[in-house]
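Working notes for the structure below.
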Amino acid sequence: MSSDEKPAGRPAAPRSLAEALRARDDASLAALLRARPDLITPVPTDLTQLATRAGTRASVVRALERLDRFALQTAEALAVAGDPASYDELLGLMAGDDGDATVAAALPRAVGTLREQALVWGDDDRLRLVRTARELLSPSPQHPSPTGLGPSVQEATAGMSPGRIQELVAAAGLPSTHDAVSAAAALTALFTDRERMAKLLGQAPAEAREVLSRLVWGPPYGQVTADPGAHLRWLLDRGLLLPTAPGTVVLPREVALHLRGGRAHRGTEPVPPPVEPAGPTGTRQGSPQVVDATAAGQAYTALATVEELLKDWDEGGPAVLRAGGLSVRDLKRTAVALDVSEPVAAFWVELAYAAGLIASDGEADERYAATPAHDEWRERPAADRWAELAGAWLAATRTAGLVGGRDAKDRALAALGPGLDRSVAPEVRRRVLALLAALPAGTSPDPASVLARLRWERPLRGPQQEDDLLSRLARWTLQEAELLGVTGRGALSSHGRALLGAPEPQAADSTPGIPDTPGIPDTPGDKLPVHHRAAPAGAPAAGTVPPGPADPQARAAARAAAARLLAPLLPEPLDHVLLQADLTAVAPGPLQRPLADVLDVLADVESKGGATVYRFTPASVRRALDAGRSASDLHAFLTAHSRTPVPQPLAYLIDDVARRHGHLRVGAASAYVRCDDDAVLNEILADKRSAALRLRRLAPTVLAAQADPAALLEGLRALGYAPAAESAEGDVVITRADARRTPPRTPPEPVPEGPPVPDATLLAAAVRAIRAGDLASTAPRKTPGTPPAPGELPRTSPAETLATVQAAVLTGETLWIGYVNADGAASQRVIAPVRVEGGFVTAYDHTADEVRTYPLHRITGVAELADD
């Protein structure tokens with residue numbers, strides 16, 4: 001019985017990845033397509049094409065990069081094992097000669113993950129790593145293996161002369177052989193025999209053993225001189241070091257494995273490192289109520305900061321750089337206005353941009369300004385506004401932490417500029433918050449343990465670096481979540497948990513996608529060993545980050561749930577202030593929207609915090625009068641919204657500014673000033689500070705200026721007057737703060753990392769189409785003459801096609817056809833013709849599982865299916 005044959009009652013071993021995929025059920029195929037969504041872009045025509053696509057370099061690299069550390073170590077061990085390798089051989093490479101119970105328990109899950117993602121196929125006695133993965137992970141001088149192992153004896157002696165190989169065999173104490181292949185096999189047998197190898201190494205000089213110890217864990221290559229020392233000559237003569245190039249030697253893989261005790265890796269990590277609480281004894285652990293209250297306070301501060309930013313840019317923000325984004329000077333000015341550092345200011349600017357609240361206006365002199373969506377957003381309840389900001393942050397691929405750095409071309413990265421998208425950012429944010437959600441409620445994590453866990457779930461290809469992008473994204477996530485109020489005191493809040501869609505907190509660390517026990521539990525009636533099966537269909541692959549809800553309705557529901565939990569924790573907006581005799585007003589909490597809007601115009605903010613202090617000044621009162629308010633309106637407004645009497649100094653200030661407001665009128669000539677009181681105009685002309693305005697009298701009550709109206713207004717206000725702008729009709733121009741808005745803008749779309757994860761409907765349709773296409777391509781056929789090669793369409797003349805189809809209508813037979821659609825795409829189909837008329841054939845299409853009509857002239861050929 002051949003190695004590929006099975007006992008009666010057992011299915012034959014698959015001979016290719018396509019056959020292995022053909023043996024899977026629909027749920028397993030759907031799990032593969034979900035784990036590797038690039039395989040259905042576009043949908044393969046059959047399972048052979050799916051297997052081919054799964055073995056392409058780009059797809060394999062993407063799949064390897066999404067493995068957890070232990071699954072990747074398993075794939076690396078298979079790359080240095082035999083091809084094929086047995087499960088026991090793989091277990092020996094992972095657990096070593098002494099065995100490791102933890103590794104043995106975790107290995108079935110790792111093999112199941114590799115099988116599910118079509119990186120490994122075959123039964124346990126013939127495990128095969130797909131060829132592309134083996135090429136990527138196998139050792140070579142140009143690309144050393146991550147295991148640190150070198151080439152095998154067979155590979156290292158491939159270019160060696162037969163005489164030299166026989167010398168190695170003789171020096172090792174082995175009988176000579178008839179050819180180089182058997183000689184290499186004899187050396188391999190010696191190096192893999194633990195007892196004989198230990199006896200041989202027992203004879204080695206101490207210096208030789210020291211050389212082997214330096215090479216055993218890699219890199220396995222070393223340099224030797226033309227006249228090596230005695231200890232090196234001893235190793236070279238016995239094949240324990242083999243030459244690969246002049247002056248270069250390598251430690252054979254079999255020798256290294258003996259010295260390592262059979263282990264492929266210095267250290268295996270079968271289970272993920274736990275996320276530890278912060279502090280030596282969890283000192284950052286507090287009650288969930290304290291965490292929620294702290295997070296809610298920070299959420300209120302976040303809303304106030306974003307509103308302050310929007311207010312600052314309400315009438316037109318900074319200019320857009322030619323290359324896009326904010327200049328360094330504008331970012332500094334924004335940071336000063338918000339009273340935060342520049343990196344934090346960049347975060348708030350990017351957050352408002354991601355939420356669609358600010359954008360460029362698209363004018364010739366392009367500037368940033370608030371969008372129309374800002375007006376709708378600011379009218380919504382505070383909790384809903386926060387949920388919208390937090391949801392935009394969670395899904396955004398733009399990364400504010402990169403601002404101030406350099407791109408690959410050494411160009412500075414600016415806030416709101418290009419080059420800030422990182423596709424992995426949403427995934428890292430969700431994963432970090434999911435790790436926080438797995439801790440007991442009220443517990444903050446140790447950041448180092450969070451980074452260690454992420455590196456296990458997404459190990460980097462190549463040397464580990466402390467400042468890699470993954471680590472920086474994780475640190476930024478922890479900082480930004482605290483700024484935004486998703487966390488409080490470092491722990492995930494209840495509204496942050498709802499935003500994430502995470503379950504209720506548990507006492508133990510059970511992370512989605514990483515089973516607490518490495519093995520997969522048996523199912524009733526399953527007679528196969530556990531390592532025969534892949535991971536459960538539909539479950540996330542181990543080490544991957546659970547994606548956010550793909551359904552917009554699910555995302556909206558998560559935001560609504562977060563807003564419901566946050567709303568009771570936010571302070572209720574107040575409808576009053578406390579007026580002071582020193583021309584200030586104290587707001588003991590957040591103010592209702594109409595009151596806040598009027599007060600922002602009537603007074604200047606002097607200090608912020610738990611209570612906001614406003615100061616009334618002549619300029620602020622004049623600003624309210626410019627907006628169309630009268631003195632009586634302002635008196636009535638303050639009386640209605642103050643819990644204390646209106647102080648006399650404030651009433652005098654309002655009356656005094658109102659009395660002088662509009663006494664002067666500025667209009668466009670280049671500009672002019674008119675006033676019924678010519679004494680006031682005489683006073684202006686006599687003031688030396690007005691010389692820059694270049695005023696001259698046109699009439700007793702009119703002065704002309706060579707400055708434009710805006711400059712004239714500012715100049716007179718600087719002199720202490722309260723002029724009013726005048727329209728062409730002579731009416732006072734009323735200015736309002738919300739005059740600048742961009743055209744309608746949509747928020748920036750996140751840049752996805754590869755194809756999106758397909759939903760259940762698309763997966764079911766794709767699996768059905770692949771199955772049907774595979775049926776069409778593998779169905780046995782009766783074809784006259786030479787049958788077409790696999791993948792080729794049948795070819796018959798139009799007369800033969802028509803005759804065969806007409807006969808099938810009468811006999812009810814099923815046919816195999818080749819068809820080219822209107823776009824020129826060719827496909828194979830299995831049809832049962834129903835009728836033929838008018839140049840069309842109507843048939844039940846087994847491939848599409850529906851009745852369709854095909855033009856006869858688009859059918860390339862037809863063949864009858866075999867009787868079996």
Side-chain angles (χ1 to χ4, degrees), residues 76-86 88-90 92-93 96-97 134 138-141 144-145 147-224 228-264:
E76 292 166 353
L78 276 173
V80 296
D83 187 24
S86 68
D88 292 337
E89 180 182 354
L90 174 62
L93 288 172
D97 295 341
R134 178 173 288 275
S138 294
S140 68
S145 168
T147 62
L149 293 171
S152 64
V153 172
Q154 192 74 38
E155 295 166 346
T157 59
M160 192 175 292
S161 67
R164 176 57 181 156
I165 297 179
Q166 295 298 331
E167 292 176 3
L168 297 178
V169 170
L174 300 174
S176 62
T177 63
H178 298 288
D179 53 58
V181 174
S182 59
L187 282 176
T188 301
L190 169 63
F191 294 160
T192 53
D193 188 311
R194 295 290 185 259
E195 293 184 3
R196 289 195 293 163
M197 189 63 175
K199 183 177 179 181
L200 176 62
L201 291 176
Q203 305 170 4
E207 296 88 346
R209 290 195 295 270
E210 175 64 23
V211 170
L212 294 179
S213 66
R214 291 200 300 268
L215 298 177
V216 64
W217 291 110
Y221 296 92
Q223 301 294 322
V224 296
H231 63 288
L232 291 175
R233 177 56 62 189
W234 191 93
L235 295 172
L236 289 167
D237 289 345
R238 289 156 181 78
L240 298 175
L241 290 180
L242 294 173
T244 60
T248 304
V249 295
V250 67
L251 180 68
R253 184 183 308 166
E254 294 82 358
V255 177
L257 285 174
H258 173 83
L259 297 172
R260 295 179 177 193
R263 289 181 177 272

Provide the closest heavy-atom pair for [X] versus [Y] in the form atom of the first, atom of the second, distance.
X: Pro252; Y: Val153; answer: CB-CG2, 3.8 Å
X: Gly239; Y: Leu168; answer: N-CD2, 3.7 Å
X: Ser145; Y: Pro139; answer: CB-CB, 3.5 Å
X: Leu149; Y: Pro220; answer: C-CG, 3.9 Å
X: Ala264; Y: Thr147; answer: O-CB, 3.2 Å
X: Leu240; Y: Leu251; answer: O-CD1, 3.4 Å

Is there side-chain contact between [X] and [Y], with at least one heavy-atom pair below 4.5 Å?
X: Val249; Y: Leu232; value: no
X: Met197; Y: Val255; value: yes
X: Trp234; Y: Glu207; value: no
X: Val181; Y: Gln154; value: yes
X: Leu215; Y: Leu241; value: yes

inquiry  = With salt bridge (charged side-chain N to carboxylate O under 4.0 Å, His left out) as the rule and sequence neighbours excluded, what pairs involving residues 194-205 come up?
reply    =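 Listed once each, the pairs are Asp97-Arg194, Asp193-Arg196.
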Calculate, to the nearest 0.5 Å, the distance between atoms [atom1] and [atom2] belonging to [X] and [Y] respectively.
X: Leu236; Y: Arg233; atom1: CG; atom2: CZ; result: 5.5 Å
X: Glu89; Y: Leu93; atom1: CD; atom2: CG; result: 6.0 Å
X: Leu257; Y: Thr192; atom1: CG; atom2: OG1; result: 10.0 Å
X: Ser161; Y: Ile165; atom1: OG; atom2: CD1; result: 7.0 Å

Backbone N/O of [Y] and side chain of [X]: donor-acceptor pair under 3.5 Å:
X: Glu167; Y: Asp237; answer: no
X: Arg134; Y: Ala79; answer: yes
X: Thr248; Y: Thr244; answer: no
X: Arg260; Y: Gly96; answer: no
X: Thr157; Y: Met160; answer: no

Set of salt bridge (charged side-chain N to carboxylate O under 4.0 Å, His left out) partners for Arg238, sequence neighbours left out = none
request  = Not counting sequence neighbours, which residues clear salt bridge (charged side-chain N to carboxylate O under 4.0 Å, His left out) with Glu210? List them please.
outcome  =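 Listed in chain order: Arg214.
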